[in-house]
Engineer: 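Just dropping this structure here.
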Amino acid sequence: MSKKIIGISANIEIATDSICFAGCKRLKLYDEYVSSVIKAGAIPMIIPVVTDKKILEEQLNIIDGLIVSGGYDIDPLRYDEEPHPLLGQVFPERDEFEFTLTKLAMEKQIPILGICRGHQVLNVVNGGTLYQDISLKEGNNLKHIQGGHGSIVSHKIKIEKDSILYNILGESAFVNSLHHLAVKDVAKDFKVSAIASDGVIEAIERKSGSFAMGIQWHPEILPDKNEDMLNLFKYFIKEIK
């Protein structure tokens, strides 16, 4: 059986560290996404930031599964809110790219794993909303932007028993934490599958239909020290028919 091809959405930034290329757009993706897909037994393919729907459709015809990666804050106008002073940097071009990509992937029933920002994209694309900063959530008492390197776990999550995630990680897990936005209202076709001790939603998954899961932490940084996090990628790939 041939290996599955996993598309990974790229980030985009404006170069400011080069005189020759100042102002030019630069694609960016941490290698840990790529190496985790390889370790899990699949072939990674980086999807560049483009907003042409026809090109995105052709790219989706090549892949078997999609990982929506981390990055910028999502423009709150996407979920009908004005920007709060605590909102971080947004990049509308990337929003347009990943929102279109995610919608098309769901239409094509391509399995999706959303990581950090990708978790938030999956929720908003399907009608959910976000806290523009976790401090805006009542009862927040955890540090969700950890001080140490992402390879160090930061806090514990509780996993719901009637979830796919429970079958992968069990009733709880320790995760890293590198975010200041969080899911607020969960999209109607999704359910919460994990929460932190302060009630912040750490994972969501689609109730029915093709596989779609969002996780707030960064498992791609953890596989070398945590076999369970590699199992997340392995399970995702196994779900691809």
Side-chain angles (χ1 to χ4, degrees), residues 6-18 21-30 33-34 45-63 66-108 110 112-137 144-145 178-190 200-201 204 212-218 220:
I6 306 300
I8 310 169
S9 65
N11 198 1
I12 190 170
E13 60 184 25
I14 305 298
T16 58
D17 56 354
S18 168
F21 295 98
C24 292
K25 294 177 181 177
R26 176 167 57 199
L27 295 177
K28 178 180 176 180
L29 184 72
Y30 290 112
Y33 289 102
V34 172
M45 188 184 85
I46 299 172
I47 302 178
V49 179
V50 296
T51 56
D52 187 309
K53 185 176 179 180
K54 291 183 178 178
I55 291 176
L56 292 176
E57 286 178 332
E58 290 297 329
Q59 290 172 324
L60 287 170
N61 287 338
I62 299 171
I63 67 173
L66 173 65
I67 292 175
V68 184
S69 64
Y72 299 105
D73 288 2
I74 296 170
D75 190 335
L77 297 178
R78 292 273 177 177
Y79 46 96
D80 298 322
E81 287 189 12
E82 297 290 333
H84 189 277
L86 294 175
L87 181 71
Q89 184 179 3
V90 298
F91 205 121
E93 185 178 351
R94 186 177 178 192
D95 285 349
E96 183 63 24
F97 156 60
E98 284 182 330
F99 274 60
T100 303
L101 185 70
T102 301
K103 288 176 183 176
L104 290 172
M106 293 190 75
E107 289 172 8
K108 292 176 177 289
I110 295 172
I112 301 172
L113 178 62
I115 295 176
C116 197
R117 169 191 157 92
H119 159 73
Q120 298 160 10
V121 167
L122 195 58
N123 188 56
V124 176
V125 161
N126 289 282
T129 64
L130 305 173
Y131 290 106
Q132 294 183 45
D133 188 83
I134 294 175
S135 65
L136 302 174
K137 179 190 177 300
H144 286 274
I145 301 181
L178 305 165
H179 65 108
H180 84 104
L181 274 71
V183 167
K184 182 165 60 175
D185 300 309
V186 180
K188 66 177 182 179
D189 294 329
F190 285 73
V200 168
I201 294 171
I204 60 173
M213 177 185 289
I215 51 178
Q216 187 59 78
W217 66 95
H218 282 269
E220 77 282 1

Engineer: Please report the interatomic distance CG(D75) to CG(L87), rounded to the nearest 0.5 Å.
Structural biologist: 7.5 Å
Engineer: Going from CZ on R94 to CZ on F99, what distance comes out if it is rounded to the nearest 0.5 angstrom?
Structural biologist: 11.0 Å
Engineer: Applying side-chain contact (heavy atoms from CB on, under 4.5 Å), run through F190 and L122 and close with a yes or a no.
Structural biologist: CA-CA 10 Å; F190 285 73; L122 195 58; 3.8 Å; yes
Engineer: Among V50, L66, V49, which residue meets the side chain to side chain contact (heavy atoms under 4.5 Å, CB included) test with L101?
Structural biologist: L66
Engineer: Kindly indicate whether the side chain of V68, heavy atoms from C-beta on, has any atom under 4.5 Å from the side chain of R117.
Structural biologist: no
Engineer: How long is the straight-line distance from CD1 of I115 back to NE2 of H218, given to the nearest 0.5 Å?
Structural biologist: 7.5 Å
Engineer: Looking only at atom types and distance, does a side-chain atom of Q132 sit under 3.5 Å from a main-chain N or O of E82, one as donor and one as acceptor?
Structural biologist: yes
Engineer: Look at atom CG of L27 and say whether more than 12 heavy atoms of other residues, nucleotides or ligands are closer to it than 6.0 Å.
Structural biologist: yes
Engineer: From the options T129, V124, L130, select the one residue that forms a side chain to side chain contact (heavy atoms under 4.5 Å, CB included) with V183.
Structural biologist: L130
Engineer: Which heavy-atom pair separates F97 from T51 by the least distance, and what is that distance?
Structural biologist: N-CG2, 4.0 Å
Engineer: On a heavy-atom basis, which atom in P48 and which in Q59 lie closest, and how many Å separate them?
Structural biologist: CD-NE2, 3.5 Å
Engineer: Begin with the C-alpha distance, continue with both residues' side-chain angles, and end with the deciding distance and a verdict on side-chain contact (heavy atoms from CB on, under 4.5 Å) for K25 and I14.
Structural biologist: CA-CA 5 Å; K25 294 177 181 177; I14 305 298; 3.7 Å; yes
Engineer: Can you name the closest pair of heavy atoms from N11 and Y72 and give their distance?
Structural biologist: OD1-CE1, 3.0 Å
Engineer: Rounded to the nearest 0.5 Å, what separates atom CG in D95 from atom CD1 in I74?
Structural biologist: 6.0 Å
Engineer: Where do M106 and I112 come nearest, in terms of heavy atoms and distance?
Structural biologist: CG-CD1, 3.4 Å
Engineer: Supply the atom-to-atom distance L29 CG to I8 CD1, rounded to the nearest 0.5 angstrom.
Structural biologist: 5.5 Å
Engineer: Could you go through K54 and E58, starting from their C-alpha distance and side-chain angles, then the distance that decides it, and tell me whether this counts as side-chain contact (heavy atoms from CB on, under 4.5 Å)?
Structural biologist: CA-CA 6 Å; K54 291 183 178 178; E58 290 297 329; 5.8 Å; no
Engineer: Would you tell me whether K184 and N123 have side-chain atoms, one donor and one acceptor, within less than 3.5 Å of each other?
Structural biologist: no
Engineer: Looking at Y30, I'd like to know if its OH atom is crowded, meaning that more than 12 non-hydrogen atoms belonging to other residues, nucleotides or ligands lie closer than 6.0 Å.
Structural biologist: no
Engineer: For residues E98 and S9, is any side-chain donor paired with an opposing acceptor at under 3.5 Å?
Structural biologist: yes
Engineer: Quick one: does H179's side chain have a donor or acceptor within less than 3.5 Å of a partner on L181's backbone?
Structural biologist: yes
Engineer: Does the pair K53/E96 count as a salt bridge with the N-to-O cut at 4.0 Å?
Structural biologist: no
Engineer: One pair to check against side-chain contact (heavy atoms from CB on, under 4.5 Å): H180 and D73. What are the steps and the verdict?
Structural biologist: CA-CA 9 Å; H180 84 104; D73 288 2; 2.7 Å; yes
Engineer: Which atom names give the shortest non-hydrogen contact between A105 and L60, and what distance separates them?
Structural biologist: N-CD1, 3.7 Å
Engineer: Other residues, nucleotides and ligands only: do more than 12 of their heavy atoms fall within 6.0 Å of NZ on K108?
Structural biologist: yes
Engineer: If you look at every heavy atom in C116 and G70, which pair is closest and at what distance?
Structural biologist: CB-CA, 4.3 Å
Engineer: Both conditions, 6.0 Å and 45 degrees, for the charged tip of R26 above the ring of F21: are they met here?
Structural biologist: no
Engineer: Is the backbone N or O of I46 less than 3.5 Å from a side-chain atom of Y33, with the two atoms forming a donor-acceptor pair by type?
Structural biologist: no
Engineer: Would you compute the distance between atom NE2 of H84 and atom CG of L136 and round it to the nearest 0.5 angstrom?
Structural biologist: 4.5 Å
